[in-house]
Amino acid sequence: MEHLQVTDLHVEFGGLRAVDGLSFDVKQGEILCLLGPNGAGKSTTLDLICGKTQPTGGSIRVNGVEVSRLLEFRRARLGIGRKFQVPSVYKELTVVENLSVARSRRPGIWHALTRLSLRPSKDVDNILELVGLTEKSQDLAGNLSHGETQWLEIAMLLAQDSRLILMDEPTAGMTIQETQRTAEIFRSLSGSHTLIVVEHDMSFVRNVADRIIVMNRGTKLAEGSIAEIETNEDVKTAYLGH
Amino acid sequence: MNSRFYYDLIALAVFCAVIFLGVPALMSYDGFELNTFARYLSLAIVSMALALSWGTAGLLNLGQAATFGMGAYAMAMHLKLKVSDGLPDFMGWNNVEKLPLVWVPFESLSFTLLAGLLVPAAVGGLIAIFMFRARIAGVFVAVITLAFLVAFQLLVIEQQGFTGGQNGLTGLAPLTLAGWTVDTYSVSFYYLVAGCLTVALALGVYISHSKFGLILRAIREDADRTRFFGYNVATYQTVIFCVSAALAGWAGMLYTLVLEFASPTYMGVSFSLAIVIWCAVGGRESVLAAAVGAIIVNLLEGRLSDVFVEGWHMLLGIVFVLVVMFMPRGIYGVIVDVVRRLNEARRGGRQDSAEDALLPATIQTNRER
Ligand SMILES: Nc1ncnc2c1ncn2[C@@H]1O[C@H](COP(=O)(O)OP(=O)(O)OP(=O)(O)O)[C@@H](O)[C@H]1O
Ligand SMILES: [Mg+2]
């Protein structure tokens with residue numbers, strides 16, 4: 001069963017074709033890794049799926065529903081979650097407050113008006129434990145280190161619990177151990193969640209990817225298993241230059 | 001229950017004790033003095049209303065005086081009808097022969113009270129929908145609301161036959177509330193206004209600590225990020241704008257009662273900017289601080305404007321500039337900082353003391369162990 005179907009997607013930024021006729025599918029519960037050199041259009045592809053950027057052409061279907069004309073919050077409510085390349089957490093809120101905002105299964109105004117903001121929650125405690133931020137739960141997010149900020153945003157996506165999660169370079173700035181922990185967490189999500197992960201760290205990709213797509217200049221250069229990608233001539237050329 | 005909520009409730013209780021017990025005793029239950037203080041308390045409501053939209057949601061509404069004025073005029077229209085025999089006097093002078101249709105329902109007090117809340121809310125809501133659907137933010141919100149304020153005041157002044165024009169609505173009857181004729185120079189009237197402020201503050205504290213308030217703070221910091229969590233940002237912003245406008249209207253109604261007239265100066269730019277100053281001086285992040293800011297500045301104005309007759313506005317302006325430069329979070333920010341320093345020093349001293357009951361919320365420790 002296809003969770004996401006992207007067909008002939010296009011976007012132009014003042015003449016630059018950042019995404020140029022891209023098509024791919026992602027199956028339910030699969031982890032797809034998106035690779036490609038700098039400026040290949042990976043982040044832009046995620047932007048198009050979550051609604052940050054409007055496509056100039058093509059279609060994006062989630063569970064068969066066309067979403068490419070929907071506003072961001074509607075797509076989020078259809079189960080699309082996004083982690084950004086530059087970690088975006090709320091620096092002026094505490095760690096638990098960040099998670100409380102992210103826990104948005106009922107995003108309506110009435111629900112928000114009839115709840116106190118920080119009811120103790122087992123879910124949030126578990127997530128904090130999982131990402132190792134329990135001790136810092138009352139700290140302002142602005143006081144966290146870069147690595148902790150990455151963890152916080154990952155934790156926020158776990159709290160949001162979207163079915164389709166778009167992760168843009170989640171392990172940037174993490175230690176080797178932290179990267180391994182992230183891989184474990186992602187593997188435990190697969191099956192119940194569908195993930196698209198943009199990553200440069202090949203050992204991480206080897207650990208988590210069910211399938212890989214390599215992009216270059218806004219188009220799909222290659223697709224397949226890690227072994228297939230590593231022996232692909234086009235991919236070698238794209239990464240090494242001409 | 002989390003500690004920040006707990007401290008806000010304590011602060012609210014202390015504040016209520018001061019305005020209900022302390023102030024009347026200090027003024028030896030003198031009706032005249034208490035009337036002046038009731039004026040400050042009604043202005044505190046409009047200041048805390050601004051704190052909700054500006055402090056919590058980051059929407060600087062420079063048109064707060066317009067919604068305040070709507071409430072003030074709603075009340076004044078009711079009281080004017082009570083004193084007039086069919087047609088208010090100024091209408092006759094302006095060759096208006098029949099009571100205009102919009103005036104008719106203001107015969108009823110219930111309608112007036114509802115209109116004083118709902119008309120500002122509806123107008124605020126309309127402007128908000130138009131702005132926030134289009135994702136207008138930051139300084140443009142201030143510009144648009146200011147433009148609305150100016151246009152609205154002009155309209156009120158122009159429509160002399162309906163509004164009394166430049167003179168406003170004067171010569172009003174006293175309010176009769178369920179058989180009680182309100183004497184604005186009485187202690188009970190003071191308690192009425194203090195009660196209204198308490199209710200408004202309780203509502204404000206609740207909103208600040210609800211999930212709604214949390215989402216507004218998230219929107220203030222990063223509206224786009226918040227959309228990706230599925231929140232309809234425009235709806236959240238519109239609702240807080242409406243609530244804030246309704247509270248301003250409520251304050252306006254009380255203000256008319258205190259001063260016994262309504263004037264278009266209530267909808268003036270300088271009045272609207274004054275509200276911003278009170279809110280900033282007290283601290284816009286806290287509704288309670290914003291209310292205290294309004295009371296302090298007005299108290300000072302009452303005492304000092306006799307001394308510096310003409311210079312008062314300049315003094316106020318200078319104070320505002322100093323506040324923005326040296327204490328951008330207002331008095332509230334200063335207190336929060338001082339308490340945090342004290343606690344850090346104390347925690348350094350005796351780690352295992354059980355007597356850290358005065359820990360404020362901003363302290364970043366997890367006490368629920
Ligand atoms: N909003 C924008 N306006 C103009 N150009 C943009 C915009 N966003 C991206 N681009 C351009 O589109 C191209 C693709 O950018 P994108 O961020 O998707 O690359 P990427 O594959 O994520 O690269 P990286 O590995 O460096 O993150 C780049 O040339 C970039 O400069
Ligand atoms: Mg990128």
Side-chain angles (χ1 to χ4, degrees), chain A residues 47 50-52 71-84 87-120 128 134-143 153 156-157 159-160 162 166, chain B residues 1-6 8-9 55-58 132-133 135 203 205-243 285 329 336 340 359-369:
Chain A
D47 288 348
C50 75
K52 188 173 181 225
L71 286 173
E72 304 93 316
F73 79 91
R74 296 244 174 257
R75 298 194 205 192
R77 288 181 188 186
L78 284 175
I80 302 177
R82 170 78 188 268
K83 186 207 161 294
F84 291 89
S88 12
V89 302
Y90 302 102
K91 292 189 165 62
E92 293 165 22
L93 302 184
T94 64
V95 169
V96 267
E97 283 175 333
N98 270 280
L99 291 181
S100 183
V101 173
R103 255 164 68 92
S104 52
R105 206 162 304 160
R106 300 178 67 184
I109 204 125
W110 187 248
H111 183 260
L113 266 172
T114 50
R115 285 308 123 100
L116 281 176
S117 65
L118 289 180
R119 288 182 317 147
L128 283 170
T134 309
E135 291 287 301
K136 306 226 165 186
S137 67
Q138 301 296 322
D139 284 19
L140 289 183
N143 295 340
E153 200 177 5
M156 287 165 81
L157 277 135
Q160 187 181 3
S162 305
L166 314 174
Chain B
M1 189 160 33
N2 84 87
S3 48
R4 201 181 307 195
F5 188 38
Y6 182 65
D8 267 7
L9 287 183
T56 313
F132 301 138
R133 281 277 160 97
R135 300 196 177 174
L203 183 73
V205 167
Y206 173 75
I207 288 179
S208 309
H209 290 283
S210 67
K211 178 141 189 201
F212 178 65
L214 176 66
I215 302 305
L216 288 177
R217 285 191 288 141
I219 291 172
R220 178 186 68 192
E221 191 180 331
D222 191 342
D224 284 329
R225 187 72 187 98
T226 312
R227 292 192 180 95
F228 293 113
F229 287 118
Y231 298 102
N232 187 349
V233 168
T235 308
Y236 276 76
Q237 291 172 322
T238 302
V239 169
I240 197 62
F241 227 66
C242 288
V243 171
E285 289 159 71
R329 297 170 67 202
V336 166
R340 188 177 53 215
L359 262 185
T362 32
I363 301 297
Q364 282 118 37
T365 43
N366 190 353
R367 299 177 61 246
E368 285 88 76
R369 258 175 286 176

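Every chain is numbered from 1, with letters handed out A, B, ... down the list of sequences. Values reported hereafter were calculated over all heavy atoms of this structure, with side chains retained and with hydrogens, waters and symmetry mates removed.
Neither the backbone nor the side chain of Val96(A) comes within contact range of chain B; no heavy atom of the residue lies under 4.5 Å from a heavy atom of that chain. With a threshold of 4.5 angstrom between heavy atoms, Lys136(A) does not approach chain B through any atom at all. With a 4.5 angstrom heavy-atom cutoff, Leu78(A) does not touch chain B via any of its atoms. With a 4.5 angstrom heavy-atom cutoff, Gln160(A) touches chain B only via side-chain atoms. Neither the backbone nor the side chain of Ser208(B) comes within less than 4.5 Å of any heavy atom of chain A.
The choice from Ala76(A), Pro107(A), Gly108(A) that makes the most heavy-atom pairs within less than 4.5 Å of chain B is Pro107(A). Of the listed residues (Gly51(A), Ser88(A), Gly81(A), Ser162(A)), the one with the most heavy-atom contacts under 4.5 Å to chain B is Ser88(A). The candidate from Arg75(A), Arg77(A), Arg105(A), Arg74(A) with the greatest count of non-hydrogen atom pairs under 4.5 Å with chain B is Arg77(A). Counting heavy-atom pairs under 4.5 Å between each of Val101(A), Leu93(A), Ile80(A), Val89(A) and chain B puts Val101(A) at the top.
Atom CZ of Phe212(B) is separated from atom CZ of Arg115(A) by 15.0 Å, given to the nearest 0.5 angstrom. In this structure, CZ in Arg82(A) is found 12.0 Å from CZ in Phe229(B), a value given to the nearest 0.5 Å.
Scored by the ring-ring contact (aromatic ring centres under 6.0 Å, His included) test, Phe73(A) finds no partners at all (sequence neighbours excluded).
Between Arg225(B) and Glu153(A) there is a salt bridge, with a side-chain nitrogen of the basic residue lying less than 4.0 Å from a carboxylate oxygen of the acidic one. Remark: Glu97(A) does not engage Lys211(B) in a salt bridge, criterion side-chain N to carboxylate O under 4.0 Å. Comment: Glu72(A) engages Arg135(B) in a salt bridge, judged by a side-chain N to carboxylate O separation of less than 4.0 angstrom.
Within residues 213-223 of chain B, the residues approaching chain A closer than 4.5 Å by heavy atoms are, in numerical order, Leu214(B), Ile215(B), Arg217(B), Ala218(B), Arg220(B), Glu221(B), Asp222(B).
Here the closest heavy-atom approach between residue Ile109(A) and residue Val239(B) is recorded as CD1-CG2, 3.6 Å.
Taking the side chain as every heavy atom from C-beta outward, Phe228(B) and Lys52(A) approach each other to under 4.5 Å.
Distance alone, capped at 3.5 Å, is enough to place a donor-acceptor pair between the Tyr206(B) side chain and the Leu113(A) backbone.
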